[in-house]
Structures are given as C-alpha cells and as structure tokens.
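Below is one structure, written out as structure tokens, with a few remarks after it.
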There are 4 protein chains.
Amino acid sequence: MGILIKNGTIVTASGRVTGDVYCDEGTVAAIGVNLERRGAKDRVIDASGQYVMPGAVDPHVHLALPFMGTVSADDFEAGTACALAGGTTTVIDFVIPSRGVSLLEGLREWDAKAKGAVSDYAYHMSVTGWGESTAEEMRAVVREKGIPSFKVFMAYKGAIMVDDHELYQVMKAAAGLGAVVMVHAENGDAVFNLQRELVAAGKTEPKYHAASRPSPIEGEATGRALMIARLHGTTAYIVHMTCRESVEALARAKAAGQHCYGETCPQYLLLDDSVYEKPNFEGAPFVMSPPIRPRAGGHQDALWAHLGSGILSAVGTDHCPFTIEQKRMGKDDFTKIPNGGTGIEERLALLYTSGVCEGRISLERWVDVVSTSPARIFGLYPRKGSIAPGADADIVVWDPAGERTISARTHRSKCDRNIFEGFKVKGKPSYVIAGGRVQFDNGDLKVERGAGRFVRRESAGAPAPGMRAVPA
Amino acid sequence: MGILIKNGTIVTASGRVTGDVYCDEGTVAAIGVNLERRGAKDRVIDASGQYVMPGAVDPHVHLALPFMGTVSADDFEAGTACALAGGTTTVIDFVIPSRGVSLLEGLREWDAKAKGAVSDYAYHMSVTGWGESTAEEMRAVVREKGIPSFKVFMAYKGAIMVDDHELYQVMKAAAGLGAVVMVHAENGDAVFNLQRELVAAGKTEPKYHAASRPSPIEGEATGRALMIARLHGTTAYIVHMTCRESVEALARAKAAGQHCYGETCPQYLLLDDSVYEKPNFEGAPFVMSPPIRPRAGGHQDALWAHLGSGILSAVGTDHCPFTIEQKRMGKDDFTKIPNGGTGIEERLALLYTSGVCEGRISLERWVDVVSTSPARIFGLYPRKGSIAPGADADIVVWDPAGERTISARTHRSKCDRNIFEGFKVKGKPSYVIAGGRVQFDNGDLKVERGAGRFVRRESAGAPAPGMRAVPA
Amino acid sequence: MGILIKNGTIVTASGRVTGDVYCDEGTVAAIGVNLERRGAKDRVIDASGQYVMPGAVDPHVHLALPFMGTVSADDFEAGTACALAGGTTTVIDFVIPSRGVSLLEGLREWDAKAKGAVSDYAYHMSVTGWGESTAEEMRAVVREKGIPSFKVFMAYKGAIMVDDHELYQVMKAAAGLGAVVMVHAENGDAVFNLQRELVAAGKTEPKYHAASRPSPIEGEATGRALMIARLHGTTAYIVHMTCRESVEALARAKAAGQHCYGETCPQYLLLDDSVYEKPNFEGAPFVMSPPIRPRAGGHQDALWAHLGSGILSAVGTDHCPFTIEQKRMGKDDFTKIPNGGTGIEERLALLYTSGVCEGRISLERWVDVVSTSPARIFGLYPRKGSIAPGADADIVVWDPAGERTISARTHRSKCDRNIFEGFKVKGKPSYVIAGGRVQFDNGDLKVERGAGRFVRRESAGAPAPGMRAVPA
Amino acid sequence: MGILIKNGTIVTASGRVTGDVYCDEGTVAAIGVNLERRGAKDRVIDASGQYVMPGAVDPHVHLALPFMGTVSADDFEAGTACALAGGTTTVIDFVIPSRGVSLLEGLREWDAKAKGAVSDYAYHMSVTGWGESTAEEMRAVVREKGIPSFKVFMAYKGAIMVDDHELYQVMKAAAGLGAVVMVHAENGDAVFNLQRELVAAGKTEPKYHAASRPSPIEGEATGRALMIARLHGTTAYIVHMTCRESVEALARAKAAGQHCYGETCPQYLLLDDSVYEKPNFEGAPFVMSPPIRPRAGGHQDALWAHLGSGILSAVGTDHCPFTIEQKRMGKDDFTKIPNGGTGIEERLALLYTSGVCEGRISLERWVDVVSTSPARIFGLYPRKGSIAPGADADIVVWDPAGERTISARTHRSKCDRNIFEGFKVKGKPSYVIAGGRVQFDNGDLKVERGAGRFVRRESAGAPAPGMRAVPA
C-alpha cells in the first residue's frame, strides 16, 4: 500500500517547493507535480498548507543507559515512541562500554536493549580507554558493524574519561577509517577537582553542579579536541556545545580550514542557569553536563548566531532523562545526581517555535539541523534526512498552525519531569510516516514494539588533509 | 517532448542520490526511481556515472556593460552562450544607470540590450546616487519589475560611488522592501587618492592597480557596509570578496547574529598577484576591482576555508571581459584600464577541479555555491537552483571524467584573453538542459538568439530584526 | 626655594621605590636616598605612607569651548584650577577652528582664551576641513607652534566632521610631519540620519541621544580611521573609546603590528546608560558623544580588560561641562543638548578607586594611564609625566587614605552638575606641586591666574612603516 | 668608592631623560642633574651620547642543567659571565628536581651548583609532579626560600611533564601563595606520539624535531594553561612563546580581563625553520622546544606585533646550550638530541638591532622587555630592573654606535655553536656595572667567581580575582 502526499510545501535543507510525494514499499518512489495514486488502496494525505519534510534524525540520545548507578528512564521502546510522536524517525544512540569492556561486547549489550525500538536507530560507539586491541576493534566496528562514528568523553574522570594520549589514538585510528569522532568536551580534571572542593565546602545542592563546570572548561576542551583532530585530519564533531567559548573555538578551527562540526541542544539555546535556583530539589532535573549557562555571558545568543551562520551544524537532544526519584540519589551531593534530561519528543517543535517563528533561522535551516545535516554527517543520507527517490519513506507532515504546551503530564516519556515544562510551542506533526507506514496520525501514535530497524552506515572514507608528520 | 534522465547521481545542495528525472513542458515533472518515458518521443539521456545537478546560476555578470569609456566584450547573446556551455543556465546582470539617470530609465536600456540573451536572466538594480524619487523608484523596481536586489558601489569615486549617507538611505529603503543590498566594498576615497599618488609618481603600469587597492581598503568597507545594514536589519550581500580582512569582517557580523552573505569569485580563489608581473602589458587582463591578492597574506586560503565553513555563500564570476585592445586604453595609466575579466564559462569546472577534486569542498557544497544558494538568496528558488517538481527544467549532466585546458583560443567568449589561460580542469557538462531543451549536447552548443527569458523575482519580505532606533 | 619630599613611595609607570625627591628652580634636581635640604628655606614635605607621583596629564579637555551654540562652562582658569586640585598639572586642550577658519587663526583665538590658565597646558589642533593651504598650515602648526598632534571628527556632520577624503589627507600630511592624529570615531552620516529619524518620530528626550549613536557606529569608524592611518604609517590615537567593538578594532590593528593608541574616559568605565533614564531632564548632563553604554554589551568590562592589557594607553576626561541651563537648549530636541560633562578634577581619584583599589589595574599602571603615557604619546615627556632629573617639578603626593564623595556642591567646576555625583572615592592629593610651587596643600588650592605656561612639544619624527603605495 | 655616570641618556621603561647617576656602596644613591663626585676616588664615567639603562634581567636560563642524559654546556660561572658581558646583570635559573625528588632537595642541589656565579641570580622552582607534601613544600619555597615563582612543563612526557590534574593543583597552591606559575606550553601527549611515529618511520634527522611539535600543539596548551590559571585567579606566565596560535590565546585571555604574561625569546623572533635544513647535522644546535617556526605562518610577525602591543611582556633566552658533541647523542634519533641553544650574551644586542633600530619597538620598550618587566613580574623590582634610589647599582652604559658579528669563535659561552652565528648586531655595552662594581669595561670582563649573590624575592601577594567555585 502506497502513500501519496498531495500539495504540501516540500521543505528540504536547500529550499521549498509545492508538490507531491509518492511512497511505496517503504521508500520514496517519486516526487512530482500532479502525481496520482498508483494503487487503489493507496492512502492519500492532503498536505495543503502544511510542510512536508524528511523525518528528523536525532544524532544524540541515550536510551536505557546505565549511568551513575542507575538507568536512564526511557528505554528503546519508550524513547523511540517519543521520537516518532515528535517527528523524529531515526535516533542514534551511544554504545558505551564500561572502561575495560571491549567495544564488541558493548555492542552486544546494546543490541539486546535495542530490540524494543519502534523507530529506526543507529549507534555511535564510545571508546572509553585504549588497549592493544582497540584499534582493531574500531576497524571491526566500522567495517563489519556499520558504525563509522566514535565518541570520546573528555570528562567523567575515573569513569569513562579518556586522557590526551587516548584521545590521540582514537583520533588517529578514526582518521584511518574515515570515521567521525564525537567529543564530549569538558576538562575532566578541572571538573573533578572543582566538584571535590565544592562538596568538601558543603556546597552540595544542584546549583553547584553548574559552578563545578564553568564555560571556560568546555571552551578549552573544545579547542584541544579540535587540535588533536587537526593533527590527523580526523573529522571531529563536538557534541552538545553550550557556550560562547566553545563555538568561538569551533569557528576558529573552521576559519583555518579544518573539517569539523558542532552540535547544540534545545536546552542550551532556550534555558538559562536560573533553572538551578528552583526550590525543593527541582533544579535537579536540569543537572546535565555541560550545564545550562548563565544569560549574562551571551552564550545563548552566540549559539543562535552560529546556528544561523552554519558554524554549528546540528541540533541533537542528549535525551537522557531520570525521574526525580532517580535524581534524588544526589540529594546530598550534586555529583551523585544522574546527569540528563528530556528532549527527544520536543526538539522539532522547540526549534520551530524559537528558531523559525522568531526569525532566527529559516524553515530550510530548521530541516537541515534537525534532519539533513545529522543524516549526512553520520552517513545515513540519502536513506535518511532526504525526500529523494529511493530514500526511506520517513516523512513528516508538519502543521504550522499546531500549538501545545509542553508538560510532563502529557509527554510520552516515562520520566516524571520535563525540562521544558510550560513552554508553549507552535507547530506539530500531523502525520509521521516511518518506513512507509503512518505511525503518527493526527495525535494518534500507532507503533509496534521492535519494528525499528538498525541502520548500517558507511564511513565517509579517507580523512581530510591533516597536519600529521607521518602519513597514516 | 519530454526528457528522461536516467540513473544519474542527482546532486543537490543537501545530498546526492541515484535516480531519474523526468522533464516535460519545460519543467521538472517528477524525480523518482525507475521512471519511464511518458511519450514515445521523449528523449532519454543515460546519466550513469555522471552527476545530475540543477543548472547553475551566476549571480554576478556584466554583459555589454558601458564602463570606463568602452563596453564589455561579451553582449547578452555571447555571454549567455558562454554560460550555457559551462553549465550555467541563468545569469543575473546588473542594471547600472549612470549617476543622475533614473532607475527605470536604466532598466529600459538594459531591457533593450538583453533581448539577444540565449539563457534565462535576471537583473540586480544599481543605485548610484540618492535623489528625491529614488526611494519610490526602488519600490517600483521591486514591486512592479520583479527586481528585489540592489547594488551599491563604495568605490569608483567620481563615477558611481555612493557615500555613507547614500548607502544609509539605500539600506533603509531596501529593508522596507525586503530587498537584498549587494555591496562592492572598497573605500573609494582611499583608492582615489592612492591612484592619484601612484600616477603622479610615474607608477602607471598594470601592477600598480593592485598597489592602489590593498586589502585593508576592502576589509574596512566590508565592515562599514555590514554595520549600516545591521542598523536597518537589511540583508547585505558582499560581492566579490577577495581577502582575509573582508571574510573576517563577514564572519564577525555572522557571529553577532547578523543576516548577511558573502560572494567570492574563481579568480580570487585561484590566482595571486604575480599575474600583474607579466610583461608586455599582459597583466592588464587581470586588472579588475578588487584586484587579485598576494599569496603571502593567506587570502586565498582564507577564502577557501570560509567557502567550506559556510561563511561565504556563493561563487559568482564578475564576468566583465575587455579585449587587450580595450585594455590598452590604460597603456600609460593603469587607472584607465577597463576593469574586468572572464569567467562565466569556466566557473563550474574551476570550482569542481580545485574545490571538489582537491577535497576543499564537497560535491554538494559545489552545487550549493554555484547554483542553489545564489538562487535562494535572490528569490529564484525553487524555479532555479533546484531539481524539484515544477522547477524549470534547467539541468546539467556533469561528466566527472571530462578534462580540458582553458584557453582564449577555445573559449566561447568574444574576448581575446582568458584570465585562466592554461588551467587544466576536470569535469565538464555532457548535457545542459535549459527551459526543457537540450542546449548543450556533448560539446555541441545549440542556442537560439533571444530565447532567454527575463525572470521576475519576489522579495524575501520583511527585514531581519535590526538595530534601528526608529522602526521602519 | 627648593622642595624636598622625603620618604615617600615614588611611583612611576614602571615601578615603585622608597626615596626622596628634591626640586629646585622649578625642576627636579635629584632623586635619591637620604637627600638633604640644600637651602635653609627649602620646604620639606614628609610623604611617609604616601605616593609620590608625577603630576598627571589630562590629554583631552575642552575649556571655554564654543560648541553647539554655547560655550563650555569652565574657562581655562576654572578648568585648570579643577585640574590642579585633582592632581592634574598639565592639560591638553583642543583648538577647534570653525570649518573654513584657518588653523593659525584658530590658534590665535585659543591663545587669547588660555591666558587665564593656572596650570601648564598644551594644544591639539583640530582639522575640520581640507583646503589648499591646510597641509602648509599643518606644517607651521607642528614646526613653528610646537603642536605636533591633530584632531579630526568623523562625527558632527554639517559642522566639524571630515569625510574620508579629508581624513586621508590629514593622515597623510601628519605622517610626513611625524605628528599624531587623534580621532573622534563615530560614523557621522549614520548618526545624522538616526537623529533625524528619532526627532521626526517625536523621540526627543535625552535618552534618545544614546539610541542615535549605538556602539557599532563607533566600532566601524574606529576600524576605518585605523585603516586609513595604516596606509600612511600615521600614528593614530582614538579618543574616548567607549565600547567593545572599538577596542576590539584597536586590538586587531595592534595584533597586525600597527602603531596606534586608544584612550578611554572615567565615565565610560564607570557609568552605564541607565543614567539617561533619570527624570526631569536630569539625563541631559550625561549627554555626550559617544554616549554612555549599556551594561549588557560588556562594554565596561572590555574597557577595563584592555586598560589592563595595554591595548588602551590613556585615560582622559573629555571634560566639557555645560550647566543644566545650557543643557536646556535641547529640552525639546536631544540633538540640541550641548554635548559634554565633568571629569577634570575627579579623574585620578575615580581611577584610583575603581582601578587600583579594586584590583583591576596596578598602581603603576594607574600612574601610566593618567600621566606618563599621555605625556609620552604627545611629546611632553620627560618634562611632564616623569619624576626625572631636569623634569618640571610637577609632582603629586597622593594620600591613599583620603576619602571623599564627589558632588557638584563641592567640586571646583563652575558647572552645576557632576556626572559622578555621589561617587565615594578613595585617595586624594595631599600636595600638588606644579612648576616647583606647592599649589595644592592639603585641600588648600593656591593658584595664580595666568601662571600656567603653554608647553611647546616636539613631533615624534618620522612615521612608522606604513602601507603607502607611494613613499611620502 | 662611588661611581658617577655623567650626561648619559637615562632610559627606563617609561621614558628617557638626560642626567647623571651616582652609585655608592653598591646601590644607586642619586639620579639628578649636575651631580658631583662625593669622594675623590669616585670613578666618573662619561656617558655622553650613550644610553644608561638598568642592568638587564634574563628571566629564563638553564645553567649546568642535567637534561636528557647530559648537562648544559655553561655552568653558573660561565653563564653568568656571558650574561654580564652582554649587559645582563641578573639571571633567573630553574631548579628542576627530578620527578620524585622533593622541591627542597632540588634546591640544595642548585645551591651547590650556583656557588660559582659571577652575577646575581635567582631561581624559579619547577614542580614536576604532585604529592602529599608538595603544597607544603611550595609554601616553604615561597615563604622561607624567597622563591615565589613556579614552573610546570606540559611537555616532556615520561620525564618532567605534569598532567592537568597536577597542573590544577600547582595553579591552586600558587594562587594561595601569590606566586606566579610559569608554563612550558606544549601538548606533551601529542608530541610524544608524533615523535614515536616519526622515528618509527625512519624520520630521525634534526628537522623532524620541528615536525614533531607543530604550532597548534603549543597554541592548544597555552589556552589550556591559561584556563586553569583563570579558574584560580593564578598569575600565569607562558614561557618561550613561538607562534601565532599561542599569542592569540594569550591576547584572548587578556581581552577577557585575565592577569597573565607572555615571554618570547630572540630565536623565535629572528630565526625560521630553514635552520633545520642545514647539512651535516648542523641543524642540531637549533633543536629546542618549542622549535623554530616556519616563516609562512606569520609567527615571527605576530610575535613582534604583540611584543610592541604589550600582549607579550618579556624576552628571555632559554639559554641552555649543548656542544655539537653533546647534540650528537641524537645523531640517529632527533628525540635524543639535547634541547637548547645559546642567547644569554646576545639577547640585548639582538633585540636592540632588530627591534629598536628597525623601528619595531621603542628604546623604552626594549629596556622594559629585557629588564624592567622581568624584574617586576618576578618580584625583583625595584632592586633590579630600575635606576632608582636604593636600587642595586646594576647599570649598563650602552653604546648605540657599537657593532659586532656574533660568532661561536668569539662568544664567551663554553658551547662551540651559536645559533645566531653570523648575525651582525648594532649596539654594545661600554660598561656593565653590577653590584656597584664595573665588571665589564669596554670589552674587558672583570669578574670574580662566586661574587654573584642569590636574590630573595617576595611574592606578589593575594591572587587576582578568579573564577573559583570555592574561595581558596
């Protein structure tokens, strides 16, 4: 059974046009004018006055993540359901082997968890240490498993942090594989010490989380990761950038001709650190790393400006919520509050409202940063991130007239808090088509446990020209 | 008679995909997989192994331009034929009324000249002074004539230069009309004085042209134009950027959230000021403003870096050649050498060779900067710059295996010099389809005088949020 | 009769040391340890626990200035008395010939007015237009009159503003004379238009003065002036810098190796634009150009940082007060409010309090920016700005334990408003010795009308290496 | 016996003046005009036409340093003799305890070696690891030993490198002591790996030393050290800065208001990496870390610009020569070439020639960067670095008409190579007075083994305001 979407404004990253899209057997069969049904049973969707866009790709989620002694509140089934309800048809989760566990063993754990996924998904592979076999495992992960992107953490000392030697090795190995290296950029040694000092001084409330990770700590690590990537010609992708210092470091690298990317998240664009002042431990849901930044530093303005300029390439969520009960593990010590918040369902609407409707970014740029760019950067394109012949029939019909108020009472996440509680947003999906099936139909979510497929990806190939003294 | 392009790699600004394109009645009717001929007479083009891309848009050409006492060597017929042969299916020329001549009178002159065009074309309207009726004329030009982009010259003192007061008025009026203001950014007063001093000192050879317009003069004017645009929320587009100082000024504006664009040209990316050292007045063909820059300042590297980063948005040509005989008007005084050179036919191949093949920009970014971005910025999209349902059937089939050596002996321009003489380039069009007709067919150019159409454009609408003390 | 200052902490721009200073016949005769009186009548001042510093130099004052239809409230006698009372022993006023009046004629007017000065003084010469004889007059001003510094205004359109052509000529002529060019950097065309628009919209209150001159207007002009200076190798000195954009432009020029200077004033370091919100026209005393800046832009922080880093070289006052009655000329139109405020008496204490006591700059840097640097930049050193053998005996004994509250009720200015009203400051002069006489003695000001001398200065000599196409 | 220096141009960091200086009992007794001998035996030096300046301070030397398996070629006696002959009257050497050796034990070793010094000297204390007692030892070093400056190495992995955790601790402890932290800023992990890869690839010649430490590696570490210092409000001093990336990082920190310093060395200002191309292992004498930089990156221009602007504060030498025989330890492996070169005798003349005579810096700035600033930053002022009452009688009479050619054949160093071989320099000391004795008298060096004194220093006191979450 095919689907014919008629008369919508088809929006891609590069422009918009009025036309029709016909999907069949799970893929896009044609884009054209005055297309007609091919089969009598084909469903026809009238998209007049609405936007027809490629299903969004969330490049940064953590579902069922064991972290800081607990597990993030949304598992693959719940998280991908949220995603679909918000217009996101593919998510990329992070396999995070514990330090000492092999990459392939980690991958097996994740495969088991991901079975419940209702949307398509892919993985990034985290490298949390460096051993004799790591390079070989990285090769297998890319070549055999279809996972050509790695993640390193410059923070979380004593747990999953890599030091500069390890970072160098990962960057070098990735360059040889044509893989992207994603970086959580914070100086973990500085954070570790500031945390220790704060707690020792009795400063244990959630707001001290922000104090323990000031923005220069992120800016520094961003510059360091980019430098090491540059030595090898590795494509670096800095995740969840939050501050002026970081985006300025990224802009400097790009001005020097470096091939690199930056991602931010809705919470860093829209919130400020006053959230940590909420009474009754209600700042805890906002405890994530890096933290939400103060308004005074101009961080949010800088992120918006660089999202518009193209210096930032993508908006992910870092969706990794914990219930207030889970957050209470750090009731007496902010360093024990599990880090993370919601966003997977709200990302498109938040960006549409504050970005497109308020004139900060164009409609096309919105599609780009939530869908096309993540798909291209991570090798999902054109299967994902496009409305193109042969692409997966992952399509969102977006109703610009939609309105709703975000709330934990109504969201689909299993978490009992939403960090965007009370935000009034504009625009909402009318239809979300994924894999050729209408899975969200005017508010009605129809998903099937396990229907999501793992998406293999290809590496981008050879590294960019770097500065390496010795060719790889 | 339709055209069916089969099995090509369809490349857009946002990605590439394998598929078919069917054109009918001058527009794109469908993009899909396994498309079939609709009529028996439909021509089928096998694009296997080749790129199928939207016809390119040259946002910056000067055909039959009366300038410095002569007229540029390519008229509309010749220039647009060159364009088609090189893969450019739409050009935007500049109406330049002499100072004191009304905009609408200038437009009539241009309309007369443009009748011979063989490709589609549009105009930008130059504002070379400010009078009581200029604002009203600007409104008519946008609203009635379909020309929502204006050009100002901060150089050419005593001729078409505007001062800051005039620049302010143009920016203000354009903001109210939702029009783009294009800026030739050089400090005309400084140039005027340096020219005078050089000539007085007997320094009259072509190489002193470069000495009379050093890069800080361009960087300064770029910053000034952007500031005045920012006051009004006007969208500024800086043409033919050549140097580090300029692109850094543009990058600063974008980092501050300003809505603005920058264009460069192949000659500024690929040549350096050693061209002015050629003996026997053979530096004269390279006399253009701004001039070609020295390698030592890192200008070319900066332009490439910012083309890759997205800070620069478009590559035009500023095609405005003069024969060596015409150039000889300035044999004894470089200030009298008519300014300008070739490029309209060579732009795509030059960028493909030095940009894509050498790994500086992606294939998609190449399509973006030569076609999609110019089309979007100037309101031609989706009719131009896209392969989308309903778009004009302006399509290039690009053969990546093509090779040739650029030479004035073989180019189609009427000019007897080519500033890229001897450049070996890769890639060439196999087919150029414009308006639904195959006008270039494996080396065979089949054009019809006057077949080119004037393309009306719509303004982008309201200005971006500016800093104006008084709302417009 | 000599003066022997014993046991003070002698503070210079480069360090501090405990010792004695002996002055005789109006100059410093010796600095040493355990110096003794040479004559029985020598006065001995015990400076234990106090700072002994060179008399301060205010490089930027306007006394008895005819401006905007009135005359600034402090004449030379009053203004220089204020200066002495505050620790400033030399002021540099600006000769400002009306447009069309010759430089030498202007100088004669100023000489007449300056006769009442009670402290030493010098002049800068303003060039407010460019005529056939201007270059020759500039030569005479430098060579014959001992005035090797010129001032240009890029603002005040229709009055004393120079355009870029004129600016170019002044910079060129000054380079040939080894003279410094001081620049009031605001884009006068933009200001003129914004003023007109605001007034036309009925926005006539003092606060719209700030709205008519936003900081990008100053930043732009700063960059432009520096570029034109760079072409000639002229030493530029940007006066009264107020904003982040301006100091960043200055820092960029210095990073490129340009020889240039920047000055700020206490009001730009210490106040913010909330002063314009005062009711009952009490914002008018703060109307000056450029205006006081908003706190949110980080302007004040940037000025302090660059004062500490050395990018900014001097702190002047732009002392040019008008009484509230005079300010009322602009009661119904802010563009008619005479521009300017107080500062000549308060400068040292304000900087000492907010700079030294609050740890932003060192004691030595304070001496540098209020005394030594202005003296060196403008050719007064070592006669002024130093405690050195043969230097004028202009010495301040500064009591760090002093305290007072600034108020128009107690200041010595003839103006009835003080823009620092209510500021509590630390430190005050115990003794101010000028020309070898104790003119301020623990609060008791003993001055003699006309005792101030005009100080001839030498030009610095040849210009710095510039970028001029044609050597001067 | 006193010394009376008559009629010289006394040059300090803040200006110049003609006058006399009288020294007695090892200190400066008076500066004045027409001073007369106090004792009949007083020596009178006629300094007419010459500069009288404070003896220079070299803040960065390594005498008799055990390093990389050998010992630097000049011991304290030889090195300080070179210093005196060149106009440097005080040197600051680095105590470098081996990793695991206590600071105080290291100090005892240095005290033993320093006994032969012929000029005054002080120490910086290197911290090469972090243990339980390190903070306490640091306190003793500052408070009891008079050494308020520490040094850390971010390079030399496996030997004396500190990691970020250790760097954090040192910065924190130093802030509490009001001590300066000096930083060798290179990313040691990156260097270590690049070295390993180069050697493994058979790239073992001296020129690969430069390839193993490209400038981004230094720029990154500079930014990192400054960030960690900023967290604590520690005063950081980046030693031997060589490249654009580093000085830009320093400039950014200063623009943000951070209290920090940068030092460069003559070799980085004057040489370029072509020195490594010398045949017959003659590139080895130039092997030092960081390495000499390529001309193309604009590094040397950037260093000069920032030396002029004040962003860089001091010029040291990093004097640490090894004979060609010693260098041959790395004949087959550049990583084994002992790092370091000459400079202690040549610093003043090199800077005078290329800085002052070529118009890049003023005479005063020259005195500042070679003498006054190092003295002030490290707490030697006013005893050193000044000509002030009570200061040590360390004075250089500098003959601007002097000329010589630098050569290993004529230099006083024990090393058989001079990295400035063949440089023609202008200016030379006529007299070098140290501790009140004429130790260099028109080419005749009269020194006494062991006459040099250790100079205790005071810490600057409290740290600058930092960003620390927990007050120290």
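Proteins come first, then strands; the chains are lettered A, B, ... in the order of their sequence lines, and each starts at number 1.
Checking side-chain atoms of B:T264 against main-chain N and O of B:M241 turns up a donor-acceptor pair under 3.5 Å. Side-chain atoms of A:E218 come within 3.5 Å of backbone atoms of A:T242 as a donor-acceptor pair (strictly under, hydrogens ignored). Checking side-chain atoms of B:T235 against main-chain N and O of B:V180 turns up no donor-acceptor pair under 3.5 Å.
Under 4.0 Å is where a charged nitrogen must lie from a carboxylate oxygen, and between B:K6 and B:D46 no such pair does. In summary, B:D392 and B:K384 engage in a salt bridge, as defined by a charged side-chain N under 4.0 Å from a carboxylate O.
If you check the side chains of A:S14 and B:T372, you find no donor sitting under 3.5 Å from an acceptor. In this structure, a donor-acceptor pair under 3.5 Å is absent between the side chains of B:Q300 and B:Y268.
Using a 4.5 Å cut-off between heavy atoms, B:A256 contacts chain A through its backbone alone, with no side-chain atom that close. Of the atoms belonging to A:R244, not a single heavy atom falls under 4.5 Å from chain B. At a 4.5 Å heavy-atom cutoff, B:S386 makes no contact with chain A through either its backbone or its side chain. With a 4.5 angstrom heavy-atom cutoff, B:R383 does not touch chain A via any of its atoms. Looking at B:A251, neither its backbone nor its side chain comes within 4.5 Å of chain A, counting heavy atoms on both sides. Residue B:V28 touches chain A through its backbone alone, counting heavy-atom pairs closer than 4.5 Å.
Options A:G310, A:P382, A:A391, A:G257 differ in how many heavy-atom pairs under 4.5 Å they form with chain B, and the most are formed by A:P382. Note on B:A13, B:A29, B:G308: by heavy-atom pairs under 4.5 Å with chain A, the leading option is B:A29. Ranked by heavy-atom pairs shorter than 4.5 Å toward chain B, the options A:D368, A:D301, A:V33, A:I31 are led by A:I31. Interface check for chain A: of the options B:A388, B:A375, B:G15, the most heavy-atom pairs under 4.5 Å are formed by B:G15.
In this structure the side chain of A:L351 reaches within 4.5 angstrom of the side chain of A:I361, judged on heavy atoms. Between A:I45 and A:I3, the closest side-chain pair of non-hydrogen atoms falls below 4.5 Å. Counting only heavy atoms from C-beta outward, the side chains of B:D42 and B:R38 approach each other to under 4.5 Å.
Using a 4.5 Å cut-off between non-hydrogen atoms, the part of residues 17-27 of chain B that approaches chain A consists of B:V17, B:T18, B:G19.
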- prompt: Can B:R376 and B:S313 be said to form a side-chain hydrogen bond (donor to acceptor under 3.5 Å, both in side chains), step by step?
  reply: CA-CA 10 Å; B:R376 282 186 64 198; B:S313 295; over 6 Å; no

